[in-house]
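Reminder, nothing fancy here: chain letters follow the sequence lines and each chain counts from 1.
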Amino acid sequence: MTPNARLGSGDPSRSLVIRRLRKEYVKGHPVLRDVDLTIEGRGITAIIGPSGTGKSTLIRCINRLVEPTAGEILFMGQDIARLRGRALRMARRRIGMVFQEYNLVERLSVIENLLCGRLGYVNPVAAWLRKFPAADIAQAFDLLDAVGLGAFAHQRADALSGGQRQRVGIARALMQNPDLLLADEPTSSLDPRTSVEIMELIAALAGRMGIPVIVNIHQVDIARRFATRIVGMAGGGVVFDGPPQTLGDDRLKSIYGGEGWLAT
Amino acid sequence: MTDIPANPSGKASRSLPGMGWGAKIGWIVLLAYTVYAASLLEITWTRFAAGLGHGARFLGRMFPPDFARWQLLLQDLAESVEIAILASAVGIVLALPFGLLAARNLMPDWVSWPARLAIAVCRSFHPVIVAILFVKAVGFGALAGILALIVASIGFAGKLFAEAIEEVSLKQVEAVRATGASFFNVITFSVLPQVLARFIGFSTYQLDSNLRNSTMVGIVGAGGIGGTLFAAFQRFDYDFVCAILIAIIVLIMLSEAVSARLRATFQ
Amino acid sequence: MNGDQRAWERFTPRQRMARFVAYFGMVAAVAVSLRTIEFIPEFLYDAPTQMADLFRRMWPPDAKFYPTTVHGALVETLHIATLGTVMTVFLALPVGLLAATNITRSRTLNLFAHFILVSSRSVNTLVWALLFVAVFGPGALAGTVAIAFRSIGFVGKLFAEALEEAAPGPIEALMATGAPPASVFTKGYWPQVQPAFWSIMLFRWDINVRESAVLGLVGAGGVGMVLDDAMNLFRWQQVATVLLAIFAVVVAAEIAVNHIRKKII
């Protein structure tokens with residue numbers, strides 16, 4: 001196992017420690033095999049690896065969209081793996097998430113989709129009546145400008161293109177003012193050029209707001225270009241962990257297996 | 001029919017799926033069943049033909065319709081409408097939580113099963129049977145009709161609501177859950193936008209359906225125009241029967257137009 | 001930054017107005033209904049006690065009543081529902097054809113067909129049954145015809161909609177070959193709408209099973225007559241048996257229909 005790379009101290013309160021995390025969808029067939037991982041509270045950590053190796057499961061365990069079977073997820077002084085009910089919702093408010101297929105609420109307007117990011121702070125009646133605090137609405141418009149969709153606030157989400165939708169997805173996650181941003185294959189449904197643009201946007205905005213990012217990604221070149229740290233996974237465990245410049249072809253071979261694909 | 005290849009329709013009968021063996025057997029079975037069931041129910045051609053003779057005389061006595069008692073007619077019609085409105089208002093409000101609890105994708109089994117059973121029980125009994133039971137419990141009058149149609153609304157609208165909720169995209173729900181939103185906020189912002197248009201359609205459909213049934217529960221004493229209709233039948237006042245039927249048809253057509261209007265407003 | 005653009009309202013003023021009118025109309029309708037309808041609140045408060053009392057008198061259901069009386073009537077009910085549905089096939093097909101605007105090009109005929117459909121749907125099965133009891137006398141024949149007439153509206157409407165949604169491509173191809181109208185229908189439309197048609201019929205059969213259970217209340221045959229007799233004699237345990245039997249049959253019919261529909265579609 002590769003030793004953890006040290007990438008400076010970052011914001012220690014935002015660091016995430018995963019200990020012996022295990023997930024079995026079917027009993028006796030672990031998808032995650034006791035993963036240990038420490039992520040400092042800064043920079044972009046890219047998780048790469050072949051399909052079905054548990055990258056997505058790992059990310060989804062962090063905000064408990066997937067229930068871990070065993071292990072600890074320590075974040076901001078709590079073990080997220082053990083939280084329930086209100087405490088879990090409080091923890092989720094601190095963690096933004098960007099999805100592969102954007103997961104926007106299709107029939108709501110763009111601005112309403114952004115305001116979804118504040119739903120953890122708004123009581124049900126206010127949410128029903130769409131009475132969000134003025135500060136939230138102002139922030140939503142600012143973020144919409146920041147992702148370059150200022151003119152689309154009142155369009156319905158299903159009227160947007162893929163790249164535009166993902167921009168809304170990013171803005172929605174940032175509306176939470178999160179202490180951690182998770183991105184589950186944010187570029188896999190997009191064309192190569194849009195993929196780069198989306199990653200640029202995530203890097204720029206998260207960098208500006210000082211939010212650590214964990215992104216799970218298919219394209220190794222994009223990971224190399226944007227990540228400050230790369231974690232390679234295979235067979236449900238971490239097989240590489242280090243800065244992008246140390247990720248050579250031999251390492252890639254051990255992550256993905258075989259070498260024929262490297263030529264292309 | 002023909003072997004000449006140039007004949008276009010002959011060609012069509014071979015290239016397009018015609019009546020295969022399965023279909024032929026199906027029709028024969030259907031025919032055999034019809035003959036068997038008709039004999040079992042003692043439905044004979046002579047009875048049918050005799051009935052047609054009766055029918056002609058019957059129609060003769062229905063026309064012209066007699067609107068002389070239009071005040072009674074309007075008063076009863078109004079009561080039917082009121083039964084339908086109150087039953088729809090309460091029934092749909094109750095059907096919403098039932099439908100939500102019965103949705104298997106959002107609720108654990110121990111919640112959804114009892115809710116589904118309750119909906120199934122409400123659906124299985126014809127409103128008239130439920131109305132009879134309520135007449136026994138709360139006496140003759142509109143109240144029994146309202147209660148019966150509330151039960152029917154929970155059964156029908158509740159089932160449709162549950163099915164609509166079960167078809168929502170869970171990806172959208174997941175994304176809102178991931179923001180730390182409470183259960184109710186998740187419902188308001190991710191489930192409701194996906195189902196609202198269909199819910200409104202189902203609700204107006206239920207209103208129409210309740211109106212149709214409210215003209216009938218009176219037959220068993222549960223209020224509305226049905227009681228007057230039944231009485232007119234028993235007194236052989238067929239011209240008044242005809243007037244009532246025309247009034248009901250006009251009322252239903254009006255209500256369908258109002259429903260369409262409501263749907264357009266909320267789409 | 002433009003201040004005006006930052007304001008956010010969910011609806012345009014026009015939409016808000018339309019919604020307000022609709023909400024107001026609904027609340028007003030409920031309020032007026034509540035004020036004018038005649039009912040005695042005490043009866044409502046008393047209802048739970050009365051219902052509980054009724055159910056207590058029903059328990060336990062009279063099991064011996066089933067084989068002697070209920071079973072035969074229940075089978076008759078199923079036959080009424082099925083035969084009525086079969087009859088609907090022949091009655092609803094022509095009306096549906098007349099109502100479909102892409103098949104019947106005459107506006108008058110379309111409207112005429114729609115009038116038949118609306119009338120059929122507006123008049124309740126029980127009212128149809130009353131009519132046909134007057135025509136044919138009491139018995140299953142009146143019930144069967146009532147079921148058929150009530151189903152025309154439902155089946156005909158949905159069938160006409162299915163016809164109107166049929167893809168025009170194959171039909172135009174057939175017409176271009178000079179095929180007569182009858183074969184345009186059987187080779188062009190029918191294959192396209194056939195699954196929808198049978199699915200509609202199945203759905204209606206399911207409803208008809210439910211409806212045929214009450215026909216007996218007006219003398220039109222089936223298990224409703226047994227129910228009516230038991231109620232008039234205040235034999236509540238027998239009533240319970242009948243109700244349970246109806247529940248079982250209705251649930252079984254629904255499960256069967258869902259199963260078959262899944263196979264068709």
Side-chain angles (χ1 to χ4, degrees), chain B residues 8-9 12-13 16-18 30 33-34 37-38 40-43 47-48 51 54-55 58 78-79 81-83 85-86 89 120-121 124-126 128-129 132-134 136-139 141-143 146-147 212-213 215-216 219-220 226 229-230 233 238 245 248-249 251-253 256 262 265-266, chain C residues 18-19 21-22 26 29-30 32-34 36-40 43-44 46-47 50-51 54 76 79-80 82-83 86 118-119 121-124 126-127 130-132 134-137 139-141 144 170 174 177-180 183 187 191 210-211 213-214 217-218 221 227 231 243 246-247 250-251:
Chain B
S9 61
S13 77
L16 285 165
L30 199 64
Y33 168 79
T34 307
L40 205 73
L41 298 180
E42 291 168 355
I43 296 174
R47 271 192 77 189
F48 195 76
H54 277 295
F58 180 71
E79 190 176 48
V81 173
E82 287 160 5
I83 291 174
I85 288 173
L86 290 176
V121 171
S124 297
F125 292 109
H126 195 279
V128 169
I129 294 182
I132 296 175
L133 294 178
F134 277 119
K136 303 284 177 196
V138 302
L143 181 60
I146 295 172
L147 292 173
R212 265 176 222 149
N213 284 331
T215 61
M216 171 253 337
I219 293 176
V220 295
L229 180 67
F230 195 43
F233 259 108
Y238 291 135
L245 291 182
I248 290 176
I249 292 171
L251 178 70
I252 302 291
M253 288 172 89
E256 287 186 357
L262 267 178
T265 305
F266 284 99
Chain C
R19 272 163 195 258
V21 170
M26 286 188 240
V30 170
V32 168
S33 302
L34 267 180
T36 48
I37 204 153
E38 285 171 36
F39 77 71
I40 302 160
F43 283 10
L44 183 61
D46 203 26
Q50 294 291 336
M51 285 306 270
L54 196 60
E76 187 178 72
H79 282 308
I80 291 174
T82 314
L83 207 55
V86 171
V118 174
S119 308
R121 277 183 291 140
S122 308
V123 177
N124 216 284
L126 267 193
V127 179
L130 280 172
L131 283 169
F132 287 112
V135 171
F136 295 113
L141 174 59
T144 309
L174 271 168
T177 64
S183 52
K187 313 286 187 226
R210 238 170 275 251
E211 305 239 292
V214 297
L217 298 173
V218 295
L227 182 68
M231 282 211 244
L243 291 182
I246 293 175
F247 180 67
V250 166
V251 169

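Below 30°, between 30° and 60°, or above 60°: for Phe125(B) and Phe247(C) the angle between ring planes is below 30°, a parallel geometry.
Interface summary for chain B: among Ile246(C), Leu126(C), Val127(C), the most heavy-atom pairs under 4.5 angstrom belong to Leu126(C). Annotation: maximal heavy-atom pairing with chain B below 4.5 Å, among Arg210(C), Met26(C), Gln50(C), occurs at Arg210(C). The residue among Thr36(C), Val21(C), Val86(C) with the most heavy atom pairs within less than 4.5 Å of chain B is Thr36(C). Most heavy-atom pairs under 4.5 Å with chain B: of the set Leu227(C), Thr82(C), Val32(C), this distinction falls to Thr82(C). The most heavy-atom pairs under 4.5 Å with chain C, out of Glu79(B), Glu256(B), Glu82(B), come from Glu82(B).
Of the two parts of Ala37(B), the backbone and the side chain both hold a non-hydrogen atom closer than 4.5 Å to a non-hydrogen atom of chain C. Contacts of Val30(C) with chain B are made by both backbone and side-chain atoms, with heavy-atom separations under 4.5 Å. Proximity to chain C (any heavy atom under 4.5 Å) is shown, for Ile83(B), by both the backbone and the side chain. At a 4.5 Å heavy-atom cutoff, the contact between Val250(C) and chain B is made by side-chain atoms alone. Contacts between Leu131(C) and chain B at a heavy-atom distance below 4.5 Å involve backbone atoms as well as side-chain atoms. For a residue to count as touching a neighbouring chain, one of its non-hydrogen atoms must lie under 4.5 Å from one of that chain's; by this rule Val218(C) touches chain B with the side chain only. Only the side chain of Thr144(C) comes within less than 4.5 Å of a heavy atom in chain B; its backbone stays farther off. For Ile37(C), the parts lying under 4.5 angstrom from a heavy atom of chain B are both the backbone and the side chain. Neither the backbone nor the side chain of Asp46(C) comes within contact range of chain B, judged by heavy atoms closer than 4.5 Å. Residue Leu251(B): no heavy atom, backbone or side chain, is found under 4.5 Å from chain C. There is no contact between Ala78(B) and chain C, counting heavy-atom distances below 4.5 Å. At a 4.5 Å heavy-atom cutoff, the contact between Leu229(B) and chain C is made by side-chain atoms alone.
In this structure, the side chains of Leu83(C) and Tyr33(B) come closer than 4.5 Å at one or more pairs of heavy atoms. At a threshold of 4.5 Å between non-hydrogen side-chain atoms, the residues Thr215(B) and Val123(C) do not count as touching. Taking 4.5 Å as the limit, every side-chain heavy atom of Val214(C) sits out of range of all side-chain heavy atoms of Ile132(B).
In this structure, OG on Ser124(B) lies 11.0 Å from CG on Leu243(C), to the nearest 0.5 angstrom. With rounding to the nearest 0.5 angstrom, the CG atom of Leu54(C) is 9.0 Å from the NZ atom of Lys136(B). How far CD1 of Ile248(B) is from CE of Met216(B): 10.0 Å, rounded to the nearest 0.5 Å. The CZ atom of Phe230(B) sits 9.0 Å away from the CG atom of Leu217(C) when rounded to the nearest 0.5 Å.
Atom CE of Met51(C) has more than 12 heavy atoms from other residues, nucleotides or ligands within 6.0 Å.
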Show your working on side-chain contact (heavy atoms from CB on, under 4.5 Å) between Arg212(B) and Ile252(B) and close with a plain yes or no. CA-CA 7 Å; Arg212(B) 265 176 222 149; Ile252(B) 302 291; 3.5 Å; yes
